[in-house]
Amino acid sequence: MHYFRIEEDNSSVYTGHVEGSHKWGLPGIRNCTVCRATWGTDTRAYPSVDLSPVATLADFEEPRAEPIEEYERLCELARPFLPQGALLQPGAALGPLVGRAQGRFGPLVAPYSWTLLVQHEALQKLQAEGLRGLNGCRTQLRFRQRNSPELLELEILPMGRLHPDCLPPDRQPPCPRCGRRGLTRPDDMLLDTSTIPSHMDLFRLEDFSTVIVCTERFVDACRRLGLDGVTFQPLPMK
Ligand SMILES: [Zn+2]
């Protein structure tokens with residue numbers, strides 16, 4: 001099986017533009033007690049999560065950095081609502097994508113390299129092909145036009161890692177407290193075959209969550225069904 005990276009197709013005829021953020025999220029952390037880093041990123045998103053039952057117990061709306069103890073407390077509040085296989089990190093995004101959208105959209109839409117949206121009908125076609133791991137979640141996007149499409153966000157779980165051969169040899173292990181790796185994504189990525197899930201046709205890398213990966217089966221189905229709007233770049237493996 002071959003694997004591909006999914007990215008926005010800048011050459012496509014679609015003019016659609018999405019501007020939004022997820023309804024809830026975990027804060028970033030300030031001055032980790034072990035590695036001393038202040039950081040957070042919203043590149044891991046779980047749009048199926050409904051935090052309404054605990055939203056009043058803490059602030060999941062204001063993006064900010066907190067001491068790691070507070071971050072860990074909020075993780076425990078959110079954890080019962082996460083999908084199976086979810087991994088948290090400071091700044092993780094939760095709940096539906098809320099915002100505005102405008103223009104003409106293809107069947108697949110990648111507003112950021114770490115976010116993949118799909119029109120409802122296209123998702124049904126992909127699911128009918130038997131592709132695994134496709135969970136379309138409702139968005140709350142306001143369209144400034146008539147005949148607006150129904151855009152769903154795919155919930156993409158982190159799994160699979162890059163091969164050590166494409167990473168700096170002198171890298172440090174992840175911080176044992178906050179999980180920070182502090183690595184820049186290499187230009188020449190090499191997937192680590194031994195970490196690739198065998199039961200999913202779509203996932204994001206666990207160590208570089210901006211990278212969305214799909215199987216050859218996913219690419220073939222999109223091509224056969226004429227589902228465009230994104231590009232598929234082959235990822236070498238080892
Ligand atoms: Zn740390």
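By convention here, the first residue in the shown sequence is residue 1. Note that the structure is a prediction, hence the values are computed from the model and not measured. For the numbers below, each heavy atom of this structure counts, side chains included, while hydrogens, waters and symmetry mates do not. Both ligands and their constituent atoms are indexed starting at 1 by order of listing.
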Sphere of radius 2.8 Å around the Zn ion (ligand 1) - protein N, O or S atoms inside: C32 SG, C35 SG, C175 SG, C178 SG
Check: R73 side chain, A58 main-chain N or O, donor-acceptor pair, under 3.5 Å: no
Set of ring-ring contact (aromatic ring centres under 6.0 Å, His included) partners for W39, sequence neighbours left out: none
Side-chain H-bond candidate by donor/acceptor type, Y14 with D228, under 3.5 Å: yes
Beyond-backbone contact of [X] with [Y], side-chain heavy atoms, under 4.5 angstrom:
X: F203; Y: I212; result: no
X: M189; Y: H163; result: no
X: V213; Y: F4; result: no

